[in-house]
Amino acid sequence: MTHPSDTGTAPVLALKDVSKSFGAVRALRDVSLELFPGEVHALAGENGAGKSTLIKTLAGVHRPDAGQVLLDGAPVVFHGPGDARDAGIAVIYQEPTLFPDLSIAENIFMGRRPRRTFGRIDHRATYAATADLMLRLGVELDPDRPARGLSIADQQIVEIAKALSFDARVLIMDEPTAALTGSEVARLFGVVRTLREQGAAVLFISHRLEEMFRICRRVTTLRDGARIASEPLEGMTEDDLVRRMVGRDLDELYPKQEVAPGETALSVRRLTREGVFTDVSFDVRRGEIVALSGLVGAGRTEVARAVFGIDRWDAGQVEVDGRPLVNGAPSTAMAAGLALVPEDRRAQGLVMDMSIERNIGLTGLRSSVRAGLVDRGAERSRSLDWAVRLQVKYARIADTVATLSGGNQQKVVLAKWLATGPKVLIVDEPTRGIDVGTKAEVHRLLSQLAADGVAVLMISSDLPEVLGMADRVLVMHEGRLTAEISRTDATEEAVMAAATGRAAA
Amino acid sequence: MADSPLTRAARRSVSLRWDGAVGALLVVVLLLSFGFVDGFGNALNLSFLIGNTLPIALIALPMTLLVVSGEIDLSVASTAGLSGAVMGALWNQGMTIEVIIPVCLLLGVVCGLVNGLLVTRLGLPSLAVTIGTMAAYRGIAQIVLGSDAVTDFPAQYLDFAAGRIDGTFVPYAFLPFLVLLAVAVVALHAMPFGRALFAIGAGEEAARFAGIRVKRQKLILFTVTGLMSSLTGVFWALHYASARYDNAMGLELSVVAAVLLGGIDFDGGKGTLGGAIAGVFLLGALQNVMSLVNVSAQSQIVVTGVLLVVSVLGPRVARQISVARAGRRAGAAPRSKTPAPTP
Ligand SMILES: Nc1ncnc2c1ncn2[C@@H]1O[C@H](COP(=O)(O)OP(=O)(O)OP(=O)(O)O)[C@@H](O)[C@H]1O
Ligand SMILES: [Mg+2]
């Protein structure tokens, strides 16, 4: 296959020598990029490399400090995302940005809903168009339900549907798959392939390298805001790509230590929350990493929330070290040694307007106390210690977490909970948006925690991660636990089969 | 990205500079008043100024904490009025003042608890709840005392509430206020309780996920606010030697205006008690000066209302300006607003 640039096709959208700084942080330095019609282009780089900044520059959210954006070869200045949209550029941002009180359909067709005579909004047309998009993506979401309360994965789906609804010439996707499981990803890629065949240009970001190899033809790698290479993916290996991203070879991605499990630390008995999950029972022993797997919407996150006390359960019991937990009380769960790294870092994991230091300190308000007052010295050293251990990339520890890149925000959430020294650690998509290098680091950390006797319950949509890290895999399907698969029997096929309800173990 | 990081950073620095600016403005207003307003600088007037401002200041303490946590209580003045009314009624019944005052304070606790329970248990917005109880508590006050005015409280209590320390302009009552202020400063800025309030105001869901007992903290705050309001009601009746059902009418406007003027963000999560107290005394000084130069009470309310609007608007305008500047410094034009809150 020849490269489009060889065939004389012109790029639809391009960046030429673009630079962008935030204060002292140089997020982009002299970066050039060309997107051709009919091509899916990957953008790779570590957390904080500048990928999202590049996308926001293409989308008119940021204005470059230097350099140009070229549309059909001619320089353009987008004064805002609206301009870019009018030019046929659809963007899925890293963090979903839906209006919670509007319905899914209204969110998708915001400001441009089909109208009937006399300007009345055609509700039925909007509904049908949305239902059609959902069908293409293979998900069951009621177009009329409000966006409030949607899981991160479902929000991501709605964002994807919104972008698809534009029939854009250029589709830009910043980590659209981060919260999705295999089957949703497959659907998305099916749609992307169709778009590609229709001549759209697609820019795709993911920290799951195998996804890039599956769908992309070329890749541009960024490191510390500078472009390292733009090249065809064909013939490259994952190791090659990683070396471009981090500048060195990577250690084992799944450094799993063999640990002899100890006593039961977390015991969940016949837990039921009506209409959400039913009769869920399982144990996690000290030193074990147990994965909770299943499709988006199977109820994994909901079980974790109930166990930690965010939602109340209707029946059943949860015990930590043999002592029952109070229903619906996160503070007592924490006191019992439970920690939950939630799925939605922006709403649940972090107070975006507060500093890195204070965010990590938030879980230590009971421990970093002297004479009833917050011990600021202890708070600072605790925060610095964990920020460094997790390699958070920041300028000052007193900066708000809003200034961090997505992956670095995720690291702060992890830091905040690891700092509590939990007995039982529940992690919901712990590596969502985290780059390969740090992913290995997080896995090593989880593995080490388990070796130190922590019981780990891991919810992850990343199947290789599940298979690589878990001692046992529990699979949920439509609110019930349908299978328990041991490490030796856990294969991609076995987990997927149980998750889709095809075969139960 | 309804709120880009740039806006956030700008807002933070604005709120920091804002309370400093209000403090500076207070100093300027005081100096100008000393220089140019007849009758301002004498000890008697200064003690009036402080004494008249104390009710606002007392309620501003818990109100600051409430607004930081993202809530508000508009029933404070009615609770104060109700306490005064009950105080008068019980006094007429022949009860001793040593019994009456604790009863009134307990009543304040109950008023605050009712607000807190309606907000935290039923999940109603505090603005709506406390507008309702503002009317209800005032109504009960009128039922309790009718249009009577009770004035014959024991002399030593009246003297304490209205008197000043010998040879100074400082009212006795200012001393316990300083103690309460110190307690509030420590609670908000040094204790885990206050740290958690900022988190609740800036991101309630994340606070809950961090194990902070959001509802409990709010319930405590509303209750303390009720207690402080009734304390203020008792002080008011003694200070002015008059217990009437309409005592402290409209005081909530002054309290809220002063707190917002002091840089407490109406959306929660931001501000300092120092700023709030500077706002309180700025408002108190302005009201005092206006009385001295014979501005009518009605016009004073207009001024307070305007101040309220300005103090809500001011930080926003300042923020816009500083965003524009930061944007230009970063080499970019002020960004257009993109609508996009997350659920
Ligand atoms: N609004 C901002 N204010 C200050 N710094 C910012 C801002 N946006 C991004 N940065 C900084 O710019 C750098 C690049 O961030 P960017 O979000 O583009 O990274 P990324 O490659 O998308 O990372 P990730 O994989 O974690 O999403 C980071 O150091 C980040 O902290
Ligand atoms: Mg990013």
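Computed over heavy atoms, backbone and side chain alike; hydrogens, waters and symmetry mates excluded. A note on names: the letters A, B, ... follow the listed sequences, proteins ahead of strands, and every chain is numbered from 1.
- For the pair B:I72/B:F266, a side-chain contact is recorded, criterion being any heavy-atom separation below 4.5 Å from C-beta on.
- When A:D375, A:L365, A:N359 are compared by the number of non-hydrogen pairs under 4.5 Å with chain B, A:L365 comes out ahead.
- Interface check for chain B: of the options A:L362, A:T363, A:L340, the most heavy-atom pairs under 4.5 Å are formed by A:L362.
- Options B:A207, B:G203, B:P192 differ in how many heavy-atom pairs under 4.5 Å they form with chain A, and the most are formed by B:P192.
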**Report entry** Pair A:W417-A:M334, side-chain contact (heavy atoms from CB on, under 4.5 Å): steps then yes or no
**Finding:** CA-CA 10 Å; A:W417 284 106; A:M334 273 173 78; 3.8 Å; yes
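- Put simply, of A:V369, A:V374, A:L373, A:V351, the one with the most heavy-atom pairs under 4.5 Å next to chain B is A:V374.
- No option in B:T130, B:L221, B:V256 other than B:T130 meets the side-chain contact (heavy atoms from CB on, under 4.5 Å) test with B:D73.
- Across A:E379, A:K416, A:R366, the residue that shares the most heavy-atom pairs under 4.5 angstrom with chain B is A:E379.
- Side-chain atoms of A:F78 and A:R63, non-hydrogen and from C-beta on, never get closer than 4.5 Å to each other.
- Of all the heavy atoms in A:K393 and A:L404, the pair that sits closest is O-CD2, 3.4 Å.
- Only the side chain of A:R358 comes within less than 4.5 Å of a heavy atom in chain B; its backbone stays farther off.
- Side-chain contact annotation: B:N115 with B:T133, donor-acceptor N/O pair under 3.5 Å present.
- By the neighbour-count criterion of 12 heavy atoms within 6.0 Å, atom CZ of B:F193 is densely surrounded, having more than that number from other residues, nucleotides or ligands.
- Side-chain atoms of A:N408 and A:S405, non-hydrogen and from C-beta on, do get closer than 4.5 Å to each other.
- When side chains are defined from C-beta on, B:E71 does not count as touching B:I200, because their heavy atoms never get closer than 4.5 Å.
- Of the charged side-chain nitrogens involved, none lies within less than 4.0 Å of a carboxylate oxygen, so that A:D174 and A:K56 do not count as a salt-bridged pair.
- Using a 4.5 Å cut-off between non-hydrogen atoms, no part of residues 418-429 of chain A approaches chain B.
- Looking at B:R213, the atoms closer than 4.5 Å to chain A (heavy atoms on both sides) all sit in the side chain, from C-beta outward.
- Residue contact with chain A, scored on non-hydrogen atoms closer than 4.5 Å, is absent for B:A187.
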